[in-house]
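See below for the structure under consideration.
The shown structure was predicted, so the numbers you read here are calculated from the model rather than taken from an experiment. For the numbers below, each heavy atom of this structure counts, side chains included, while hydrogens, waters and symmetry mates do not.
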Amino acid sequence: MVRLGFGDRFMMIMIYIFLAFLAFVTFYPFWNALVVSFNSGADTSLGGVTFWPRDFTLENYEIVFQDKRLLNGFGISVARTIVGTITSILVTSIFAYGMTKRELMGRKYYMIMCIVTMYFGGGLIPSFMLIRGLGLMDSFWVFIIPGLVSVWNMIIFRTFFAGLPNGLEESAKIDGAGNWGIFFKIILPLSGPVIATLSLFTAVSHWNEWFLPSIYINKEELLPIQTILRQILNSNIMSEQMSNLDSASQAALSRMQSVTTKSLSMATMIVATVPIIMVYPFVQKHFVKGVLVGSLKE
């Protein structure tokens, strides 16, 4: 066992202190939001609520789960994330597999056009006109179709597919398999780490998106929870929140005088954040292997 000198031990201690400080700075905002969500809003307004609820209450979450608009938005976000992730990964991987074929005519020009879109865009107004022209305004599919292909994910998929042994496809073709059979029965099963990693990135992107729905969606029943959360965060009074509750819920809210906009917004934020955080532990082991292998293999 190698013994560390005084300088090395001092450096290791400083590194651990820095990492502990970095972890605290990263985690504390979320923890404080969780604490505020379980604390009385009236008590929170007095200040000083930091690491633990001073006046514990579940009233904030009662209001959140009684608000049909928030529950509907939660369902829209879940549906959008599931459908959007599956379709985007499927279409992008198929596109990437086609781009690995050297016999594809114009392959280099297609790649150049894809890369150009990563650096240059038409802007909000042309995008709005395109979405309106396609008839996707106030439609659930406006969440799905514009994001079907991710050029960045396509490049990672393409690089990973190009790194697989050519003998796999050649042997499959000898056995009579076509391109679709090779892709779905051989290529995709071997791409588990990349698929898991890029699926998580795509799911997080869909789940956290709030800006585009605020532009393309006018129907309140199609708004995802992140857009609704933004509306709550931007509101200064509780009247709009109360107007979305039924009479029984409004009567219950009138008895909860300690609920404030801040405490309600923190509870809503926790409800909107926890589901996607729970996904991370299941795919964390694929992060390094999926992204690095897909990025570095030739």
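- Contact of the F38 side chain with the I270 side chain is not registered, since no non-hydrogen atoms from C-beta on lie closer than 4.5 Å.
- Using a 4.5 Å heavy-atom cutoff, the side chains of F30 and F27 are in contact.
- The CG atom of L188 lies 4.5 Å from the CD1 atom of I195; values are rounded to the nearest 0.5 Å.
- Aromatic ring orientation, F65 versus Y61: parallel (interplanar angle below 30°, classes split at 30° and 60°).
- A side-chain donor-acceptor contact under 3.5 Å links N39 to the backbone of D55.
- Heavy atoms only, all atoms of each residue included: V91 and L148 are closest at CB-O, 4.0 Å.
- Here the side chains of Y109 and C114 are not in contact, with every heavy-atom distance at 4.5 Å or above.
- Note that CE of M99 is 10.5 Å distant from OG1 of T159, once rounded to the nearest 0.5 Å.
- Side-chain contact check for N208 versus Q226: some heavy-atom pair is nearer than 4.5 Å.
- Scanning all heavy atoms of the two residues, the minimum distance from I76 to E221 falls at CG1-O, 3.6 Å.
- In this structure, I225 and S77 approach most closely via the heavy-atom pair N-OG, 3.0 Å.
- Both V149 and I112 sit in one connected hydrophobic cluster of ILVMFWY residues. Membership requires side-chain heavy atoms under 4.5 Å apart, directly or through other members.
- Side-chain contact check for S150 versus F201: every heavy-atom pair is 4.5 Å or farther apart.
- Listed for the T197 side chain is no donor-acceptor partner under 3.5 Å among the backbone atoms of V194.
- The heavy-atom pair separating D138 from L222 by the smallest distance is O-CD1, 3.5 Å.
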Would M154 and M111 satisfy side-chain contact (heavy atoms from CB on, under 4.5 Å), going step by step from the backbone distance to the final call? CA-CA 10 Å; M154 184 274 290; M111 196 65 193; 3.9 Å; yes
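- Rounding to the nearest 0.5 angstrom, the gap separating the CH2 atom in W207 from the OG1 atom in T202 is 15.5 Å.
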For W52 and W31, what are the C-alpha separation, side-chain angles and deciding distance, and is it a side-chain contact (heavy atoms from CB on, under 4.5 Å)? CA-CA 9 Å; W52 198 256; W31 176 256; 4.1 Å; yes
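- Residues I131 and I125 do not share a hydrophobic cluster, clusters being chains of Ile/Leu/Val/Met/Phe/Trp/Tyr side chains in contact below 4.5 Å.
- Within 6.0 Å of atom CG in L22, more than 12 heavy atoms from other residues, nucleotides or ligands are found, so the atom counts as buried in its surroundings.
- Cluster annotation: M113 is connected to F120 through the hydrophobic network of ILVMFWY side chains, with a link wherever side-chain heavy atoms come within less than 4.5 Å.
- Taking the six-membered ring where the residue is Trp, F183 and Y97 present tilted rings, their angle falling between 30° and 60°.
- To the nearest 0.5 Å, atom CD1 of residue I86 and atom CD1 of residue I144 are 10.0 Å apart.
- M11 and I13 fall into different hydrophobic clusters, defined by Ile, Leu, Val, Met, Phe, Trp and Tyr side-chain heavy atoms under 4.5 Å apart, directly or through other members.
- To the nearest 0.5 Å, the span separating CG on N153 from CZ on F95 amounts to 12.5 Å.
- Between T227 and E209 the shortest heavy-atom distance is OG1-O, 4.4 Å.
- More than 12 heavy-atom neighbours from other residues, nucleotides or ligands sit within 6.0 angstrom of CZ on F51.
- L90 approaches F184 most closely through the heavy-atom pair CD1-CE2, 3.8 Å.
- More than 12 heavy atoms of other residues, nucleotides or ligands sit less than 6.0 Å from atom NZ of K101.
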side-chain contact (heavy atoms from CB on, under 4.5 Å) assessment of L164 paired with F160: CA-CA 7 Å; L164 295 176; F160 181 82; 4.2 Å; yes
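- Taking the side chain as every heavy atom from C-beta outward, P275 and V78 never approach each other to under 4.5 Å.
- Between I228 and L70, some side-chain heavy-atom pair lies under the 4.5 Å cut-off.
- Atom CH2 in W141 sits 10.5 Å away from atom CG in L136 (nearest 0.5 Å).
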Assess the residue pair L264 and V64 against the criterion (side-chain contact (heavy atoms from CB on, under 4.5 Å)); give the C-alpha distance rounded to whole Å, side-chain angles, the decisive distance to 0.1 Å, and a yes or no. CA-CA 7 Å; L264 184 63; V64 169; 3.8 Å; yes
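- Residues I145 and M129 fall into different hydrophobic clusters, defined by Ile, Leu, Val, Met, Phe, Trp and Tyr side chains chained together at heavy-atom separations under 4.5 Å.
- Residues F157 and I89 have side chains in contact (heavy-atom distance under 4.5 Å, counting atoms from C-beta outward).
- Annotation for M118: atom CE counts as buried by contact number, over 12 foreign heavy atoms lying within 6.0 Å.
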